[in-house]
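Reviewing the structure listed below.
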Protein chains: 2
Amino acid sequence: MATTLHDVAVLAKVSIKTVSNVVNGYPYIKDSTKTRVLEAIAALGYQPNLTARGLRLGRTGVIGLAVPELRLSYFAELADAVIRAADRRGISVQIEQTNGDRDRELDLVTSPRRQLTDGLIFSPLGLGNEDAALLAVGYPLVVLGERIFDAPADHVTMRNVEAAAAATRRLLAAGRTRIAVIGAHEGEVYGSAALRIRGYREALQEAGLPVDPALIRHSDMWHRANGATTVRGLLETGVPFDAVFGLNDTLALGAIRALQAAGVRVPEDVSVVGFDNLDESEYSHPSLSTIDAGRDEIADTAVRLLLERIAETGPKAPPRRVEADFRLIERESIGAAADADHPFNRQDPPA
Amino acid sequence: MATTLHDVAVLAKVSIKTVSNVVNGYPYIKDSTKTRVLEAIAALGYQPNLTARGLRLGRTGVIGLAVPELRLSYFAELADAVIRAADRRGISVQIEQTNGDRDRELDLVTSPRRQLTDGLIFSPLGLGNEDAALLAVGYPLVVLGERIFDAPADHVTMRNVEAAAAATRRLLAAGRTRIAVIGAHEGEVYGSAALRIRGYREALQEAGLPVDPALIRHSDMWHRANGATTVRGLLETGVPFDAVFGLNDTLALGAIRALQAAGVRVPEDVSVVGFDNLDESEYSHPSLSTIDAGRDEIADTAVRLLLERIAETGPKAPPRRVEADFRLIERESIGAAADADHPFNRQDPPA
DNA sequence: TTGTAAGCGTTATCAC
DNA sequence: GTGATAACGCTTACAA
């Protein structure tokens, strides 16, 4: 069995309280007893039982992180950043996967497992803003993302509209005027897709350009395969376009692949820009221009806010809203002006 | 404050023990009292305090998973699979990142945090087989990977040698004879690199072909950038080659990129094959042929073995070794026979 | 400066 | 069938 405070106390010939004082750095201890206790601790290899401490203190030193799935690179990189941010503060992280399933997300928020963590960082996907009230939970909660804005909890998010507008403006600056968007979600009002498309529209309108519905392509899932499929569908319509704005990097990478397979050159014929700045986007061929929407800052802020809530005693501060900074990352896929001579760019617009 | 067994007992007018019995499904309870208790539980929204239960039982229902970093796709996908496997069994997972740092790995194994988990699944990278004895820890431990084979703990790994040989044989079958390997590690005896290269050598020797040291290219890190850099270095040497075996998919994807950038066609001029079967390998351009080395099976087996150890009472069974099955996944990058007419394939071998 | 004892919320032992 | 009561290992008033 593991050694306990009691074992150490016996060996050091002091009371259990004194050992506890030493372990917890209580200052007023005679040096002689302190060293005796430390020797006993070393001799026995004593380690405090964190479960017992957790029971007594009502805090475990563990926070939960709930994301759709780690095999989506964005969430893997987010989880990485959250774990690092927590670790810097001596906290460990328990991870839950929701698969973006609404029922699972609901279960998770009320699961007895929450009893084992001091709070939760939650990136919902299945739940929407209409479910905000369901997040009135009895423990510290930080909500991430673009699905729920009105929950009675702290919220850390990115500047989706502004960032998407910046990406679109950059395409316009490269001389692109027929900018396709891939990954739209039917009937969505909040959510990453809706907000980013809002930014896209704003940038076009700002430039006095029409928003052509034929260029807004839907795709519920945001995997590589969907990016490729959606672009193939777009090519089949014959609608001309000279840029693709993938609503995330994965879509954009899939799009590049489909374009190349169809003999369309990136960026000579079609510029491509994504959103998220995944690690791999730097190494695609061509390298992908994208938006760094502040993932690391979001992770760090979320952990900080959560720990502040956990430490909170007495009256609770009202929910806080934080928006991380973003920046446009220019890489090869954004290209210069269109090459008007290439056959792809000479096709006629549809009737 | 959260409600306790005691609160429920008062409301249901029974003893705390009876409530506990109901919660834990003890069979011999009068139906009338049982329903009364269940009603009280529902009325109060009672949830058992898992920390208290953990203290009492000596088990928390949480296992640890230690990997180098989640932003490496392989480990993200592994963590995903481990979490799913644990979840199927009602267990949650706490994740630690080591960055492959030896000291950090050592700290982690003896950290007080282990007190909060019932056992650990550990994928070492900084530690080597010479450190095996350091893994004689006092809690259930399952070691993953190719770094440590002789630890006094269960070990789940993949068939590196056989799988690498299979990949190499397939390249030979496609008519490739000058197969470069990228990602070798200087002086390594165990480890993914060494074992996979052993398989590569075996397949060549089996085919009666020489092993050309000039075709074995080193790279400590296995990121996309390294794959690209290594291949550029190889191209600069002027040594002819007609295939690249990336020791993992990320290297192989980086290699494809560098080849294409240099005007070398994949697979017409150079076949490429990777190792790991990452999700994204299916969507590269061209899609990447690779080895599925049994990641999901490894995750499930690791969780199963760990839980068996946790449940173990009395004498401990000796360490167990498990090797997952693998399979070769053939995609576009492997190609057919070399195109002898392309300029790249007509270059002269170096003196 | 150090010791005693209560209690965190469970489960388990044993009476009744 | 059900109820007291004693741990599990720790922190913390409160004493000394």
Side-chain angles (χ1 to χ4, degrees), chain A residues 1-38 40-41 44-62 112-118 138-139 311 313, chain B residues 1-38 40-41 44-62 112-118 138-139 311 313:
Chain A
M1 277 301 123
T3 63
T4 72
L5 273 189
H6 183 254
D7 302 328
V8 177
V10 169
L11 181 59
K13 297 195 208 307
V14 293
S15 86
I16 183 176
K17 173 66 203 310
T18 303
V19 183
S20 174
N21 281 340
V22 172
V23 170
N24 293 293
Y26 181 75
Y28 307 112
I29 309 174
K30 221 197 307 181
D31 271 1
S32 62
T33 55
K34 184 168 177 178
T35 49
R36 200 144 39 88
V37 169
L38 287 175
I41 287 178
L44 296 172
Y46 168 76
Q47 285 195 327
N49 180 322
L50 297 185
T51 305
R53 182 180 283 174
L55 176 58
R56 180 61 232 237
L57 256 39
R59 279 182 291 105
T60 61
V62 182
R113 281 192 190 175
R114 296 294 118 251
Q115 298 272 348
L116 232 35
T117 55
D118 298 334
Y139 53 83
T313 58
Chain B
M1 276 298 124
T3 63
T4 72
L5 275 188
H6 183 254
D7 301 328
V8 178
V10 170
L11 182 59
K13 298 195 207 308
V14 293
S15 86
I16 184 177
K17 177 67 205 308
T18 303
V19 183
S20 174
N21 281 340
V22 171
V23 170
N24 293 291
Y26 181 76
Y28 306 113
I29 309 174
K30 222 197 311 182
D31 270 3
S32 60
T33 54
K34 184 168 179 177
T35 50
R36 202 145 37 87
V37 169
L38 289 174
I41 287 178
L44 295 172
Y46 167 77
Q47 286 195 327
N49 180 321
L50 297 186
T51 305
R53 181 180 283 175
L55 175 59
R56 181 62 237 230
L57 256 38
R59 279 181 291 104
T60 61
V62 182
R113 282 193 190 174
R114 297 292 117 254
Q115 298 273 349
L116 232 34
T117 54
D118 298 333
Y139 52 83
T313 58

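Order of the sequence lines sets the chain letters (A, B, ...), proteins ahead of strands, with each chain counted from 1.
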Base, sugar-phosphate or nothing for [X]? Non-hydrogen atoms, less than 4.0 Å.
X	value
A/Leu5	base
B/Leu55	base
A/Leu50	nothing
B/Lys30	sugar-phosphate
B/Thr33	sugar-phosphate

Between [X] and [N], does any side-chain N or O lie under 4.0 Å from OP1 or OP2?
X	N	answer
A/Ser20	D/dT11	yes
A/Thr4	D/dG9	no
B/Asn24	C/dT11	yes
A/Thr18	C/dG3	yes
B/Tyr26	D/dG3	no

Distance in angstrom units between [X] [atom1] and [N] [atom2], rounded:
X	N	atom1	atom2	result
A/Tyr28	C/dG3	OH	P	18 Å
B/Gln115	D/dC8	CD	P	15 Å
B/Leu57	C/dT11	CG	P	7 Å
B/Lys17	D/dG3	NZ	C1'	9 Å
B/Lys13	D/dG3	NZ	C1'	16 Å
A/Leu44	D/dG9	CG	P	14 Å
B/Ile16	C/dT11	CD1	P	9 Å
B/His6	C/dT11	NE2	C1'	16 Å

Review point. Below 4.5 Å, heavy atoms only, C-beta onward: do A/Tyr28 and A/Asn21 meet side chain to side chain?
Key: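 The answer is no, as the side chains (C-beta and beyond) never meet within the 4.5 Å cut-off.
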Review point. If we only count heavy atoms from C-beta on, is the B/Val62 to A/Leu116 side-chain gap below 4.5 Å?
Key: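 The answer is yes, as the side chains (C-beta and beyond) meet within the 4.5 Å cut-off.
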Check your understanding: On a plain distance test, is the side chain of B/Arg56 in donor-acceptor contact with the base of C/dT10 below 3.5 Å?
Key ->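 Per atom types, no contact qualifies.
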Check your understanding: Is it the case that A/Ser20 and A/Asn24 place a side-chain donor and acceptor less than 3.5 Å from each other?
Key ->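 Note: A/Ser20 and A/Asn24 side chains meet the donor-acceptor criterion.
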**Study point:** More than 12 heavy atoms from other groups under 6.0 Å of CZ on A/Arg36
**Key:**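 Yes.
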Review point. Taking for each residue the nucleotide of DNA chain D bearing the nearest heavy atom, is the 5' side occupied by B/Arg36 or by B/Ala52?
Key: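 That would be B/Arg36.
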Exercise for review: Can you see which heavy atom on B/Ala40 is nearest to which on B/Ala12, and at what distance?
Suggested key: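 The answer is CB-CB, 3.9 Å.
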Practice item. State, to 0.1 Å, how close A/Asn49 and B/Gln115 come at their nearest heavy-atom pair, and which atoms those are. Key: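 Closest approach of A/Asn49 to B/Gln115, heavy atoms only: CA-OE1, 3.9 Å.
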Exercise for review: Select one nucleotide: of D/dC10, C/dG9, D/dT11, the one nearest the side-chain heavy atoms of A/Asn49.
Suggested key: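 Given the options D/dC10, C/dG9, D/dT11, the side chain of A/Asn49 is closest to D/dC10.
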Practice item. Return the nearest nucleotide to the side chain of A/Ile29; candidates are C/dT11, C/dT1, C/dT2. Key: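 Selected nucleotide (nearest to the side chain): C/dT2.
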